[in-house]
Amino acid sequence: MEDAQVVSLLVRRCTTGDAAAWEEIVQRYHRRIYNMCYRFAGSADDAQDLTQEVFIKMYRTLKSYDVDRGAFLTWVTTVTRNLLVDHFRKTKHDRITDSLDSPASEHEDALPLSEQIADTGLPPDARVQSHETQRTVHQALLKLSPDLREAVILRDLQDMDYREIALALRVPEGTVKSRINRGRAELARLLQRTYRQVM
Amino acid sequence: MPEETKHGMQCPEFDAMLMDAIDRVLSSAQQARFEAHARMCPSCGPIFAEVDAGRLWLKSIEEVEPPVHLVQNILASTTGISSARLALGGEPSQTPLSERMREWFDVWIRPGFTAVRQPRFALSFGMIFFSFSVGLSASGLKAKDLAQISLRPSAVKHTYYSTQAKVVKYYENIRLVYEVESRVNQVKRVITPAEPAPAEKQQNRNNDTSGKPEQRQERNSSRDVNQPVLASLPSPSVTMATLSWRLV
Ligand SMILES: [Zn+2]
C-alpha cells in the first residue's frame, strides 16, 4: 500500500473513533509539526504548546479533511500554519526585538542529536562551531518576516514542493517561489552581516 | 542594455530562471546562459549568490528532537488517554480484560477465600482483620480518608510521606510503652532478692503473659535473652504483628 493510501485509511479509521489510528497519526506527524513550530516560533516551549494545539485542532476537525481535495500533509501544514500565524499576531506586541546574540533556547543549548549519538569525528572546536552556527542561523531565521520565514521553512526544512506549499499557504506558485528566494537572500544578508561583525 | 543582450539574456528572464537554476534543473545550454548573465550583470550576480548561500545556510539547519512526553501529552489532550496501545492492553494478548481478571481471581484469591470460609479459620481471619483495622485507626488512618485519596503524583507522594510519618509516630509511641515496661522489669529484678538466671527470668516473664500463643513465646525465647524485650524491635510491622496476636 502506498503511503497516501495508508494515511487516508488511518484518517478514515480515526473518524470512526479508532484511538489506535489516531495514535499512529500522532506518531507519524508530531516530529514534523514540532520542528515547523520550533523554527517558526523560535522557542522549544512555544513549539511544544503549539504542536499540542495543532493536534487538538486536527482531532476536532479531522472530519472536514477531504481525501479527494489534496494530500493529508498539505492539510496538516495548513492547520499548523494557520495556528502559527495566529500565534504570531497574538505575540507580536510582547515580542522583544531579538538580536542574533539573544540567549540560546533549549535546543541551541544542546548539541544536535546526531552529534550526541555518534561523535561526528570533528575536532571539539569544529563541533562547538557547528553548534554555534546552528544557533546563529536559527536566530537569523526568526528575523525574517513571517511570509518569508514560513516559505523557506516549508521548502528548505520540510522539503515540500512548490505546488504543495502553494496549496498550504493558499497563494500562487509564483508567489511561493518569489518568497522563497527573497527569504533565502535576506537570510544570507543577515548572516553575512553577523559574520562580518564577528570577523 | 547591450551587454545583457550580448549574453542572450535580460534581467527579467534571469529572474524567471533563478529558481530552476538554484534547483539545478536547467538544461546545460540554459545553465550556461544563466551563469554568463550572473557573471556580467552587477545587479543579478549578487542576487544569485545570496539566494544560493541562503539555501545552503537553511540546509545546514538540523532537525530537533521533540520533547519525550510530547506524544503522550498530545494523546492525553485529545483522546484523554496517553496511549491507545496501553489502554488496549498491548497487542500480543488478545484475551479480554474480564477473562484475565477472572483467571487472576481463580489463581490468587479463590484458594485463600475457600480457606477463610472454613469455620475454624473464619474467626481468626475476622480477628486479624479487626486488629488490623484497630491498628490503622490507632495510627490515625480512617476508611473515610481512603475515599478522599487523590491520585495525582504529587498528592500520592504527599500521602505516602504523611502516612509514613503517622506510622513512625505510632511505632515510637509503642516503643516508649515497651521501653518503660522493660525498665520497670529491670527495677523489679533489682529489688527482688532471689533472682533467677536472666534466661529463666525471661522465660518466666513470657510465661506470665497470658493469652499469647506458643509460637510467640518460642520466638521470644529464641531471641538474645539479655536484650530488653521488644524495646529494640527492628520494624513497625513486627510491632503490629505482636499487637494483632495479643488481640487474637
Ligand atoms: Zn541582470
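All heavy atoms count here, side chains included; hydrogens, waters and symmetry mates do not. Chain naming here is simple, since letters A, B, ... match the order of the sequence lines and numbering starts at 1 in each.
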**Study point:** Separation between OG1 of A:Thr51 and CG of B:Leu70, rounded to the nearest 0.5 Å
**Key:** 5.5 Å

Exercise for review: Check for a donor-acceptor pair, side chain of A:Gln134 on one end and backbone N or O of B:Glu62 on the other, with a separation under 3.5 Å.
Suggested key: yes

Practice item. Return the minimal non-hydrogen interatomic distance between A:Ala188 and B:Gly54, and the atom names on each side. Key: CB-N, 3.7 Å

Study note, to complete from the structure: Distance col, row B:Trp57:CH2 vs A:Leu191:CG, nearest 0.5 angstrom, shows 5.5 Å

Point to revise | Rounded distance (nearest 0.5 Å) linking atom CD of A:Gln192 with atom CD of B:Glu50 | key: 6.5 Å

Practice item. Hey, could you give me the CE/CD distance between B:Met19 and A:Glu173, rounded to the nearest 0.5 Å? Key: 10.0 Å

Check your understanding: Should the heavy atoms of other residues, nucleotides or ligands under 6.0 Å from CZ of A:Arg170 be counted, would the total exceed 12?
Key -> no

Check your understanding: Taking all non-hydrogen atoms of both residues, which atom of B:Lys59 and which atom of A:Asp159 are closest, and how far apart?
Key -> NZ-OD1, 2.9 Å

Practice item. Check step by step if salt bridge (Lys or Arg N to Asp or Glu O under 4.0 Å) holds for B:Asp23 and A:Lys177. Key: CA-CA 11 Å; B:Asp23 291 340; A:Lys177 287 184 178 179; over 6 Å; no

Point to revise | Euclidean distance, A:Ile33 CD1 relative to B:Ile74 CD1, rounded to 0.5 Å | key: 7.5 Å

Check your understanding: Tell me, side chain or backbone of A:Asp18 under 4.5 Å from chain B's heavy atoms, or both, or neither?
Key -> neither

Check your understanding: How far does CZ of B:Arg55 sit from CG of A:Leu187, to the nearest 0.5 angstrom?
Key -> 13.0 Å

Point to revise | Test side-chain hydrogen bond (donor to acceptor under 3.5 Å, both in side chains) applied to A:Trp22 and B:Thr78, step by step | key: CA-CA 9 Å; A:Trp22 172 246; B:Thr78 49; 2.9 Å; yes

Practice item. Identify which part of B:Leu56 has an atom lying under 4.5 Å from any heavy atom of chain A, answering side chain, backbone, both or neither. Key: neither

Review point. Is there a side-chain contact between B:Thr79 and A:Tyr59, using heavy atoms and a 4.5 Å cut-off?
Key: yes

Exercise for review: For the residue pair A:Leu141 and B:Ile61, establish whether any side-chain heavy-atom pair is separated by less than 4.5 Å.
Suggested key: yes

Check your understanding: Side chain of A:Asn35, backbone of B:Val64: donor and acceptor closer than 3.5 Å?
Key -> yes

